[in-house]
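First up is the structure itself, then whatever we jot down about it.
Chain letters run A, B, ... following the sequence lines, proteins first, then strands; residues in each count from 1. As the structure is a computational prediction, the values presented were derived from the model and not from experiment. Atom set for the values below is all heavy atoms of this structure, side chains included, hydrogens, waters and symmetry mates excluded.
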2 protein chains.
Amino acid sequence: MAQWMDSIAVNKPQPITIKEVAEEAGVSQMTVSRVLNKQKLVKESTRLKVEAAIAALNYRPNLMARSLAGGKSKLIGLAYYNPSPSYLSALLVSALKRCRDLGHHLVIEDLSDIEGDLDTSLIVKRLSSIRLNGLILAPPLSNNLTLLGLLKDMGIPVVALSFRDEESVHSSVAFDDVAAAFEMTELLIAKGHRRIGFIRGPVEHPSSLQRQAGFEKALEKHGIPVDQSLMFQGDFTFVSGLELASKMLDTASPPTAVFASNDDMAAGISAGAQRRGLKIPSELSIVGFDDTAIAAAIWPRLTTVRQPIAEMAQNAVDIISEITSRTWNGEQLHVTIDAIEIVERESLTAPK
Amino acid sequence: MAQWMDSIAVNKPQPITIKEVAEEAGVSQMTVSRVLNKQKLVKESTRLKVEAAIAALNYRPNLMARSLAGGKSKLIGLAYYNPSPSYLSALLVSALKRCRDLGHHLVIEDLSDIEGDLDTSLIVKRLSSIRLNGLILAPPLSNNLTLLGLLKDMGIPVVALSFRDEESVHSSVAFDDVAAAFEMTELLIAKGHRRIGFIRGPVEHPSSLQRQAGFEKALEKHGIPVDQSLMFQGDFTFVSGLELASKMLDTASPPTAVFASNDDMAAGISAGAQRRGLKIPSELSIVGFDDTAIAAAIWPRLTTVRQPIAEMAQNAVDIISEITSRTWNGEQLHVTIDAIEIVERESLTAPK
DNA sequence: TTGAAAGCGCTAACAA
DNA sequence: TTGTTAGCGCTTTCAA
């Protein structure tokens with residue numbers, strides 16, 4: 001019995017507080033707080049004393065208290081809605097790494113599949129309890145004006161991924177989808193393809209439309225008419241690619257190449273085509289978009305556009321970190337990453 | 001200028017506090033707090049009044065304040081170290097969903113690749129600042145005794161995935177890897193395979209050893225000697241599978257089938273074998289373990305063991321939720337999921 | 001069944 | 001450059 005109570009007692013140790021650090025260092029709590037927050041107005045010798053005390057006691061500030069008193073919680077949110085698994089994975093890994101380096105924590109909010117359509121009030125409910133320093137919104141949440149409005153009213157700084165609103169009420173990190181899709185299409189044409197299938201992503205994603213625009217722009221430039229019978233609508237999932245493969249290959253004159261708007265769908269097309277006995281790439285070339293892990297995990301590996309997801313995530317974290325800092329001037333920040341890179345692998349060759 | 005200041009002011013709206021709810025309802029803060037925490041000692045009529053006030057004001061409790069005053073933060077941690085992408089993805093999706101349903105938030109801690117080896121002190125540093133209700137540890141963190149000890153000293157309740165320590169100082173959710181691997185191996189043997197390659201996962205993962213044990217047990221049962229030249233060491237990544245494919249197929253008498261300890265490695269083997277021109281499954285059967293997304297995303301699709309990752313994650317969240325509740329009796333909880341299911345797809349057939 | 005008081009650990013605003 | 005005071009929004013403890 002006594003033992004049992006012991007174990008309960010041990011369960012909740014009293015952590016060191018700022019007060020104890022102050023005593024140990026022989027200064028006031030405020031001075032410790034200043035050292036903690038790296039403020040300038042501390043004499044070097046005092047700072048060293050305080051730092052020594054912190055190290056000696058192995059003190060860790062309580063984020064909750066900090067947040068209550070000050071406002072900064074060191075908590076960054078990342079919200080998404082039905083992302084493709086490989087996009088999400090790339091996003092997470094990079095955001096997490098950056099948070100770790102900057103001493104922040106990432107709180108994930110998966111808003112997928114909430115009773116059919118997206119329920120913005122539920123999101124607001126969840127987000128208003130927890131005090132986030134900022135929120136990273138993945139597409140298609142990043143262009144949901146209702147949500148953006150609510151978040152603004154709540155005073156949560158937002159960084160939108162792959163969407164920039166014209167009024168600039170929130171920050172953004174974007175990529176030139178039009179140019180990237182244009183370049184990829186030119187590569188397909190250069191290889192000799194003329195009948196090119198295009199798998200569009202969900203229309204809620206601005207990127208879907210932009211990638212399509214880039215595709216069509218390249219066709220036009222080379223005098224190839226846009227053939228509506230070669231345009232298909234997917235939803236960024238592997239399964240949608242798989243299903244569209246049949247639909248596309250059942251037509252009277254199938255394309256010699258397919259450009260899917262993301263890697264997951266491209267992988268689906270690849271699996272579907274191979275299931276029907278087609279040789280990739282000799283009988284059908286396939287290219288994707290994103291260069292996520294799945295692009296190199298299937299055989300033949302996908303030729304694809306490298307979307308700088310990692311850089312985008314890192315920039316998003318940096319922006320929130322910047323906004324949270326004392327030196328922020330109130331202006332929203334915008335970053336556009338414009339290095340376009342095509343990763344050539346085995347899934348693309350000249351048509352027979 | 002005025003406009004600029006306006007926008008800053010709007011940026012930080014004053015959220016409703018418990019005090020205002022109390023006034024609105026004509027009761028004390030304490031009564032509101034009791035209603036919030038679903039305590040029994042509140043008269044029905046008062047409770048209704050308070051709930052009406054909460055709804056009217058659209059009040060949301062401040063988690064930070066709650067945590068400071070009480071201890072419960074509604075924050076659950078999920079930590080991992082170099083997981084396979086598809087395992088991580090499955091884990092996250094399920095844990096996130098359960099957290100959402102239970103009103104918790106998930107804080108992700110990616111401990112991968114921290115300066116070579118795992119730096120437990122850094123983890124402790126990060127975790128002692130944020131006040132987590134509990135921490136879910138994915139393998140191989142879940143069997144790191146050093147880490148487990150530190151966490152216990154910090155008073156953070158832990159749920160270990162795929163590992164149960166004998167002293168039961170923390171909770172756990174596990175799966176019978178031995179039996180599952182045994183069953184899969186029997187299927188391979190039933191199909192007629194005798195020379196079966198085995199790709200073991202990293203030895204830091206108890207599951208790796210258990211899967212190997214199940215594999216060898218099944219061989220023994222059927223009188224097939226364990227051939228060391230058919231045993232290979234992977235690290236759960238796609239790339240390790242890819243590399244081992246060459247190594248394995250370059251041997252004098254290659255196996256007719258391969259059992260990889262997870263799907264990512266199986267996919268790597270598949271890609272590597274196909275790159276060498278091998279037909280899957282006619283010239284080489286491949287089976288995996290986990291039934292993660294990648295198993296169905298490659299062609300031919302993988303026959304694999306379904307590891308109930310989703311159920312395990314959900315159980316882990318439930319356990320922390322339970323431990324956090326006022327009614328917890330102090331005992332660690334343990335769950336073992338024993339439904340073993342083999343998912344048969346195209347990657348396995350009888351040998352030629 | 002309800003309320004009053006105290007304080008969780010920290011920082012903002014002011015004073016020295 | 002440093003310290004003092006007053007809370008942040010909530011729950012605990014104790015009293016009514």
Side-chain angles (χ1 to χ4, degrees), chain A residues 12-51 53-54 57-75 128-131 133 155 324-326, chain B residues 12-51 53-54 57-75 128-131 133 155 324-326:
Chain A
K12 292 284 164 199
Q14 272 312 109
I16 307 292
T17 71
I18 199 173
K19 199 176 159 191
E20 303 168 69
V21 176
E23 278 166 17
E24 171 83 12
V27 298
S28 74
Q29 294 190 24
M30 245 346 273
T31 304
V32 179
S33 174
R34 288 193 181 101
V35 172
L36 248 32
N37 292 291
K38 303 194 195 307
Q39 275 165 255
K40 295 287 167 197
L41 347 73
V42 183
K43 208 206 297 176
E44 180 69 7
S45 61
T46 338
R47 219 198 62 222
L48 292 174
K49 266 197 305 183
V50 172
E51 280 169 352
I54 289 176
L57 297 173
N58 197 26
Y59 164 74
R60 305 290 159 223
N62 181 327
L63 279 194
M64 303 302 172
R66 237 166 149 163
S67 162
L68 226 210
K72 284 87 212 284
S73 66
K74 291 273 181 188
L75 256 32
S128 50
S129 263
I130 192 173
R131 261 37 175 193
N133 274 356
T324 311
S325 78
R326 338 177 71 86
Chain B
K12 294 283 162 197
Q14 273 310 110
I16 307 292
T17 70
I18 200 173
K19 198 176 160 190
E20 301 168 70
V21 176
E23 276 166 19
E24 170 83 12
V27 296
S28 74
Q29 294 190 23
M30 248 339 280
T31 305
V32 178
S33 175
R34 290 193 180 99
V35 171
L36 246 34
N37 292 291
K38 303 194 195 310
Q39 274 164 256
K40 296 289 169 196
L41 348 73
V42 183
K43 209 204 297 178
E44 181 70 9
S45 61
T46 336
R47 218 199 63 222
L48 292 173
K49 266 197 307 187
V50 172
E51 280 168 352
I54 289 175
L57 297 174
N58 197 26
Y59 165 72
R60 304 290 159 223
N62 181 327
L63 282 194
M64 304 302 173
R66 238 168 148 163
S67 162
L68 224 211
K72 284 86 214 286
S73 66
K74 291 271 181 192
L75 255 32
S128 50
S129 263
I130 191 174
R131 261 35 175 193
N133 275 353
T324 311
S325 78
R326 334 176 77 84

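What separates CZ of A:R131 from C1' of C:dG9 is a distance of 17 Å, to the nearest Å. Spacing between atom CD1 of B:I18 and atom C1' of D:dT12 amounts to 12 Å, rounded to whole angstrom units. Straight-line distance from the CD atom of B:Q29 to the P atom of C:dG7: 16 Å, rounded to whole Å. The CE atom of A:M64 sits 14 Å away from the P atom of D:dT11 (whole-angstrom rounding). Rounded to an integer number of Å, the gap from CG of A:N62 to P of D:dT11 is 16 Å. Separating the CG atom of B:L48 from the P atom of C:dT2 is a distance of 11 Å, rounded to the nearest angstrom. The distance between atom CE of B:M30 and atom C1' of C:dG7, rounded to the nearest whole Å, is 14 Å. Separating the CD atom of B:E20 from the C1' atom of D:dC8 is a distance of 13 Å, rounded to the nearest angstrom.
Counting distance only, with no hydrogens placed and no angle test, the side-chain atoms of A:R34 and the base atoms of D:dG3 include a donor-acceptor pair under 3.5 Å.
The shortest distance between the side-chain N/O atoms of B:T46 and the OP1/OP2 oxygens of C:dT2 is below 4.0 Å. Side-chain nitrogen and oxygen atoms of A:R66 include at least one within less than 4.0 Å of the OP1 or OP2 phosphate oxygen of C:dT11. Close to D:dT11, at under 4.0 Å from its OP1 or OP2, lies a side-chain N or O of B:S33.
For the pair A:I16 and A:V21, the minimum side-chain heavy-atom distance is below 4.5 Å.
Side chain of A:A69, nearest nucleotide from D:dT11, C:dT11, C:dT2: C:dT11. Checked against C:dG3, D:dC8, D:dG9, the side chain of B:T17 finds its nearest nucleotide in D:dG9.
Judged by distance alone, with hydrogens and angles left aside, the side-chain atoms of B:K49 form no donor-acceptor pair with the main-chain N or O of B:G26 at under 3.5 Å. Between the A:S73 side chain and the A:R131 main chain, a donor and an acceptor come within less than 3.5 Å of each other. No side-chain donor-acceptor contact under 3.5 Å links A:E23 to the backbone of A:E20.
Atom CG of B:L68 is separated from atom OG of A:S67 by 9.0 Å, given to the nearest 0.5 angstrom.
Position along DNA chain D of the nearest nucleotide to B:L68 versus A:S28 favours A:S28 as the more 5'-ward residue. Comparing A:I16 and B:V42, the nucleotide of DNA chain C nearest to each residue sits closer to the 5' end for B:V42.
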